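As the structure is a prediction and not an experimental result, all values here were calculated from the model. Numbers restart at 1 for each chain; the letters A, B, ... are given by sequence-line order, proteins then strands.
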Amino acid sequence: MLTSKDVSLDSHRSDPALVQACIDGDEHAWNKLVAQYGRLVYSIPLRCGLSSGDADDVFQNVWSIALHQLPRLRDQTRLSSWLITTTYRECWRLRKQTVPSLDDNIVDASAPPIEDVLRWEREHQVREALSRLDDRCRILLSALFLEHDQPSYEMIAVGLGVPMGSIGPTRARCFKKLEAVLIKMGFDADT
Amino acid sequence: MCSHPISYEQLIKYAADELRGSEAAAVAAHIAGCGECRATVSRYHAMRTAMNSIQSTPPPPVTLARAQALFANRQLPIQPIPSELPMFRHLVARLVFDSRSETMLTGVRGAGNSYHVLFESEVAEVDLQIEPLEEQEGTGWQILGQVGLDEPPSRSPVALVPSGATLPVVEVDADERGLFTLRAKEGRYDLLIHLVSALLIVPELEIR
């Protein structure tokens, strides 16, 4: 399993560098890759309506394919896009077995709609960018935007141990950091 | 940020729709002529939309650990694909993934009668999903294939030849993305793919 030390060492490695490290036999790099994209891959079968058991199967198959395809993955400019498409195809294959008529009306059921790919990629990028922030910024932005029961500024201030009046300026500073990470990751706000 | 009459904090408040009256108007006037600040507002909105719609679920620890263990348990060495293509020749692809054996190795539950196999060669990968035809389509099997190429995509002819025979039972052309669909009866076949630089052979493909 990946240790916290490994995470800190690997946290800024690009996807091609991570994949190259896997090709070179670095098991920590593989663990990092699976952990980094695990949530994205695992969520797709659930979004497609598959059970958690089926999602487990899809998850294992996708990473088996990825392992065999590492030399090709190294050249992917958008690894997330490749993973989304591969995962979607595995979901489609599984669904065809259980309910063959489900996909009959879909023109190309084996490929995900481009808008889904872009949305899932964006969500993944935002979550990944958040994970690269310091604790205070990650907690603040997550509380402001990710929590379903969005807490009040007062509750957030108490949780962070800061005056309520500092939440606004802190939010701006944290978003600035997040924006810098997103730009580095190629986040495109216009797609 | 270049020299702006507004602070970054004001910009974020504007993006969050927390400014009113003259303050909001001042920021709106500024961003109308400032692409940099406009982009920040746009990123804020896109980020907030993405965060609000995130419904992703992390894999259970056991599921994650099992996928991570695949690396340590891998059986084939990972070889980089050479960047230079060889002269035209016959290449035999080798099996690198079979969902049926994977099921046995990892305890993954099977997906009915369909299965997924992946073959690899120096210049291309061949991804095959094999599934029985539905009742109304008759008896036999459908093969959904994709050829992954390092060379520029082309409409590669694909032929399915019974093992030991010389004539194909079915021939199709892959599309620009390398996708193709074949139908065949149960049996053992060689799949031939005419690439620009080589004839790729997927040998002893069991359809059953």
Rounding to 0.5 Å, atoms CZ (A:R89) and NE2 (B:H116) come to a distance of 9.0 Å
Rounded to the nearest 0.5 Å, how far does NZ of A:K32 lie from CD of B:Q68?
11.0 Å
Counting distance only, does the side-chain N/O of A:W30 pair as donor-acceptor with the main-chain N or O of B:A67 below 3.5 Å?
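It does hold such a pair.
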Count the heavy-atom pairs under 4.5 Å between each of [options] and chain A, then report the option with the highest count.
options: B:A15, B:P59, B:A50; result: B:P59
options: B:T49, B:T63, B:V62, B:L118; result: B:T63
options: B:L144, B:D127, B:T57; result: B:T57

Verify side-chain contact (heavy atoms from CB on, under 4.5 Å) between B:I12 and A:K176, making sure each step is shown before the conclusion.
CA-CA 9 Å; B:I12 295 306; A:K176 195 168 192 176; over 6 Å; no
Less than 4.5 Å to any heavy atom of chain B: does that hold for the side chain of [X], its backbone, both, or neither?
X: A:L178; value: side chain
X: A:L130; value: side chain
X: A:R173; value: neither
X: A:Q69; value: side chain

Identify the two heavy atoms, one from [X] and one from [Y], that lie closest to each other, and give their separation to 0.1 Å.
X: A:R171; Y: B:A16; answer: NH1-CB, 3.7 Å
X: A:Q60; Y: B:L70; answer: O-CD1, 3.9 Å
X: B:Y8; Y: A:F175; answer: OH-CD2, 3.2 Å

Contact class of B:Q10 relative to chain A, heavy atoms under 4.5 angstrom
neither
Show your reasoning for whether side-chain contact (heavy atoms from CB on, under 4.5 Å) applies to B:F71 and A:L33.
CA-CA 11 Å; B:F71 192 87; A:L33 195 69; over 6 Å; no
Check the surroundings of atom CD in A:E115: do more than 12 heavy atoms from other residues, nucleotides or ligands lie under 6.0 Å from it?
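Counting other residues, nucleotides and ligands, CD of A:E115 exceeds 12 neighbours.
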Pick from A:H124, A:R119, A:E90 with the largest number of heavy-atom pairs that fall under 4.5 Å of chain B
A:E90
Under a 4.5 Å cutoff for heavy-atom pairs, which residue among A:L141, A:L40, A:V62, A:I65 has the most contacts with chain B?
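So the answer, after comparing A:L141, A:L40, A:V62, A:I65, is A:I65.
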